[in-house]
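The block underneath contains the structure these notes are about, expressed in structure tokens.
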Amino acid sequence: MEFRLLHYFVAVAEERHFGRAAARLHMTQPPLSRAIKQLETDLGVVLLHRSATGVELTAAGNALYTEARTLLEQAEQARTRVTAAAGAVTLTVGTLADSAEEAGTRLAATFRRHHPEVSIRFREADFTDPTTGLRNGLVDVALTRSPFDDTGISMRMLRSDQVGVVLRTDDPLAGRGPLRLADLAGRPWFQLPDGTDPIWRDYWNGATPVGERPPGPVVRTVNECLQAVLWNGMVGIAPLTHALPDGLTFAPLTDMPPSPLVVAWATARESPLIRSFTQIAVNTYRSART
């Protein structure tokens, strides 16, 4: 199996849609479809059930997704070790959903001006790991959202964002103005995957255990959450800074604590370069607010 094909498969598995996966991979859809077909042929199994609305993983596809993520992460760790041994200076930045988007251009320009010799590599994580790979050394620094288990992790807050409920524009609650969590009682709510950081899970569950409300689908990414709301009328919550696709709208939640956007790093692996990145990020986001 080629790592290139595994990389493509992971994108399709996470997006559940060839078009969105192709956009994420910065390629067109036909070669992506051919690559997945080649992978299925190489393995002799069906990995995906295709439909007009997207794709679903088969049992074999779910097994490959787990293995592929592990293999790709190990390859990335090997790349990092080899690069370090060669003496090149690389900083790997983990991101979660929207965390690097809004001030990304200014942050990149400022960092390049201060450290033109440093190569930056990005790794985007899903909801299962809000640290984006800090604990296992996959990234050096993370742009992410708290709260999560911060044992052994240092962080600085960049911004605090109000949270709202994501609704379809034809939802009876849409247009009513600010809501409370009690207004969502009895509505199906998305679930986070098994193994997700429990502090992170509690926050995004609105402090209500999943067993006390109708269960919605398991989602791993912001896009999966938005699609669950759009197609099935599920309840999703997100920072009000998120851009929403057509057909969805926000209603602020008055009794949800804000969502802190943070820059974080493993305390034991702090370095002058990480400290510099952190300070540049803090200054960049501060200036973006003024």
Side-chain angles (χ1 to χ4, degrees), residues 13-16 69 94-102 123-135 139 142-151 153 155 157-168 171 173-174 178-245 248-264:
E14 292 180 348
E15 297 296 338
R16 293 294 202 273
R69 284 293 301 265
T95 65
L96 188 72
D98 70 328
S99 55
E101 292 177 3
E102 295 183 39
R123 178 181 186 271
E124 185 171 337
D126 62 24
F127 289 156
T128 57
D129 181 15
T131 76
T132 74
L134 283 176
R135 295 196 188 285
V139 301
L143 293 168
T144 184
R145 290 189 178 274
S146 64
F148 50 79
D149 178 8
D150 59 3
T151 304
I153 292 176
M155 68 181 76
M157 189 173 77
L158 303 175
R159 191 180 67 217
S160 183
D161 296 321
Q162 186 178 4
V163 172
V165 58
V166 183
L167 302 167
R168 283 202 309 228
D171 192 290
L173 293 176
L179 300 173
R180 297 179 62 81
L181 288 168
D183 296 321
L184 307 173
R187 300 287 293 272
W189 195 294
F190 67 77
Q191 303 176 71
L192 297 178
D194 291 340
T196 298
D197 183 296
I199 298 174
W200 172 264
R201 184 197 300 272
D202 286 347
Y203 177 84
W204 293 107
N205 280 340
T208 302
V210 172
E212 296 180 15
R213 65 164 66 94
V218 175
V219 298
R220 294 185 300 268
T221 66
V222 170
N223 188 61
E224 286 185 10
C225 176
L226 297 180
Q227 294 303 316
V229 178
L230 186 62
W231 286 89
N232 302 311
M234 300 294 163
V235 166
I237 57 175
L240 296 182
T241 52
H242 268 306
L244 296 181
L248 297 181
T249 187
F250 268 126
L253 284 168
T254 59
D255 53 349
M256 270 289 291
S259 170
L261 181 67
V262 301
V263 56

[X]: what forms a side chain to side chain contact (heavy atoms under 4.5 Å, CB included) with it, not counting sequence neighbours?
X	result
L173	L167, D171, R176, L179, L184, R187
N232	M234
L230	Q227, L248

Salt bridge (charged side-chain N to carboxylate O under 4.0 Å, His left out) partners for D183, two or more places apart: none
Parallel, tilted or perpendicular: ring planes of F127 versus F190, cut at 30 and 60 degrees: parallel
Nearest non-hydrogen partners of [X] and [Y], listed with the distance:
X	Y	answer
T249	R168	CG2-O, 4.2 Å
T132	V139	O-CG1, 3.5 Å
S259	V163	CB-CG2, 3.7 Å
T254	P178	CG2-CB, 3.6 Å
V219	P193	O-CD, 3.3 Å

Pairs where [range] contributes a residue and the test salt bridge (charged side-chain N to carboxylate O under 4.0 Å, His left out) is met, not counting sequence neighbours:
range	answer
residues 224-239	R220-E224
residues 253-263	R180-D255
residues 231-244	none

Stepwise side chain to side chain contact (heavy atoms under 4.5 Å, CB included) test for V166 and L226: CA-CA 8 Å; V166 183; L226 297 180; 4.0 Å; yes
Indicate yes or no: at least one non-hydrogen side-chain atom of [X] is less than 4.5 angstrom from one of [Y].
X	Y	result
T144	V262	yes
L261	M157	no
M155	V263	no
Q162	P252	yes
M256	L181	yes
I237	W204	yes

Considering residues at least two apart in sequence or located in another chain, which fulfil the side-chain hydrogen bond (donor to acceptor under 3.5 Å, both in side chains) criterion with [X]?
X	answer
R16	none
R69	E14, Y65, D126
S146	none
D150	none

Under a 3.5 Å distance rule, please check whether [X] uses its side chain to pair with a backbone N or O of [Y] as donor and acceptor.
X	Y	value
Y203	P257	yes
R135	T151	yes
R201	L192	yes

Chi angles and distances behind the salt bridge (charged side-chain N to carboxylate O under 4.0 Å, His left out) call for D161, R145: CA-CA 10 Å; D161 296 321; R145 290 189 178 274; 2.8 Å; yes
Pairwise distance CG(D197) to OG1(T128) - rounded to 0.5 angstrom: 10.0 Å
Sole candidate of T131, D129, L96 that passes side-chain contact (heavy atoms from CB on, under 4.5 Å) when paired with F148: T131
